[in-house]
Engineer: 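Let me give you the structure first, and then I'll get to my questions.
Counting convention: from 1, in listed order, for ligands and their atoms alike. Quick note: numbers below take in every heavy atom, side chains included, and nothing from hydrogens, waters or symmetry partners. Everything quoted here is computed from the prediction, not taken from an experiment.
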Amino acid sequence: MAYTYDDQNIFAKILRGEIPNATVLETEHTLAFRDIQPQAPVHVLVIPKGPYVCYDHFALEASDAEIVDFNRAVGDVVKAEGLQEGGYRIISNAGEAGVQEVPHLHVHVLGGRGLGRMLQRAG
Ligand code: 5GP
């Protein structure tokens with residue numbers, strides 16, 4: 001599948017500095033910042049700086065350096081936000097079925113409260 005990246009998406013604008021963000025950490029290939037509408041006491045979005053639409057796009061086409069940097073950053077966010085002890089959830093929505101709103105790969109890191117079951121059971 002060919003991926004088409006829309007460079008006008010909101011996270012591309014954040015990466016270009018056109019829209020402010022509350023940065024948690026930044027590395028060579030990755031930015032982590034607080035979600036503007038947090039759904040838990042801790043709700044951090046981790047995004048690669050490269051133009052990747054969704055998780056499979058990144059996992060299949062990003063460089064080894066980007067993939068290592070991104071995954072390490074997710075771990076660093078979990079540690080920095082104090083989530084190791086109490087637990088947390090990582091979510092990455094993709095496409096229509098995943099109800100992805102912003103077409104730039106992002107991982108939600110959620111914690112700070114009990115998060116309930118992962119999904120509702122289908123009928
Ligand atoms: P999705 O549904 O695509 O997985 O999640 C997109 C997330 O981006 C939502 O949780 C939403 O609150 C967040 N978001 C949308 N616009 C902005 C913004 O301008 N700044 C920040 N920090 N988060 C945003």
Engineer: Hey, is H106 one of the residues with a heavy atom under 4.0 angstrom from ligand 1?
Structural biologist: yes
Engineer: Show me which atoms of ligand 1 lie under 4.0 Å from any heavy atom of H108.
Structural biologist: 1 (P), 4 (O), 5 (O), 7 (C), 10 (O)
Engineer: Step by step, work out the side-chain contact (heavy atoms from CB on, under 4.5 Å) result for L115 and Y88.
Structural biologist: CA-CA 8 Å; L115 296 164; Y88 58 91; 5.6 Å; no
Engineer: Nearest heavy atom to atom 2 (O) of ligand 1 wins, so pick from I10, V102, V99, V107.
Structural biologist: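 Of the listed residues, V99 has the closest heavy atom.
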Engineer: Under 4.0 Å from a heavy atom of Q37: which atoms of ligand 1 are those, numbered in the order shown and with their elements?
Structural biologist: 12 (O)
Engineer: Which residue owns the protein heavy atom closest to atom 12 (O) of ligand 1, what's the atom, and how far is it?
Structural biologist: D35 OD1, 2.5 Å
Engineer: Taking the six-membered ring for Trp and the single ring otherwise, decide whether the centroids of Y55 and F70 are under 6.0 Å apart.
Structural biologist: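 Between Y55 and F70, the centre distance exceeds or equals 6.0 Å.
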Engineer: Decide side-chain contact (heavy atoms from CB on, under 4.5 Å) for V53 and T4; before the verdict, give the C-alpha distance in whole Å, the side-chain angles of both, and the deciding distance to 0.1 Å.
Structural biologist: CA-CA 7 Å; V53 176; T4 305; 6.0 Å; no
Engineer: Under the side-chain hydrogen bond (donor to acceptor under 3.5 Å, both in side chains) test, which residues partner N93, sequence neighbours left out?
Structural biologist: none
Engineer: Starting from atom 8 (O) of ligand 1, which protein heavy atom do you reach first, and at what distance in Å?
Structural biologist: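 Going atom by atom, the protein heavy atom closest to atom 8 (O) of ligand 1 ends up being F11 CZ, 3.4 Å.
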Engineer: Looking at non-hydrogen atoms alone, which of N93, I36, L110 comes nearest to atom 15 (C) of ligand 1?
Structural biologist: I36
Engineer: Identify which one of H108, E81, Q37 satisfies the side chain to side chain donor-acceptor pair (under 3.5 Å) criterion when paired with H43.
Structural biologist: H108
Engineer: Of all the atoms in ligand 1, which lie at a distance below 4.0 Å from a heavy atom belonging to Q100?
Structural biologist: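 What qualifies from ligand 1 is 3 (O).
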Engineer: Report the C-alpha separation of H104 and I14 in whole Å, then their side-chain angles, then the decisive distance to 0.1 Å, and conclude whether the side-chain contact (heavy atoms from CB on, under 4.5 Å) test is met.
Structural biologist: CA-CA 11 Å; H104 181 114; I14 284 176; over 6 Å; no
Engineer: Just need the protein heavy atom nearest to atom 3 (O) of ligand 1, so name the residue and atom and give the distance.
Structural biologist: E101 N, 2.7 Å
Engineer: Closest non-hydrogen protein atom to atom 22 (N) of ligand 1, residue and atom name please, with distance?
Structural biologist: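 Looking only at protein heavy atoms, the one closest to atom 22 (N) of ligand 1 is R34 O, 2.9 Å.
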Engineer: Could you go step by step and tell me if D56 and Y3 meet the side-chain contact (heavy atoms from CB on, under 4.5 Å) rule?
Structural biologist: CA-CA 10 Å; D56 53 287; Y3 299 96; 2.5 Å; yes
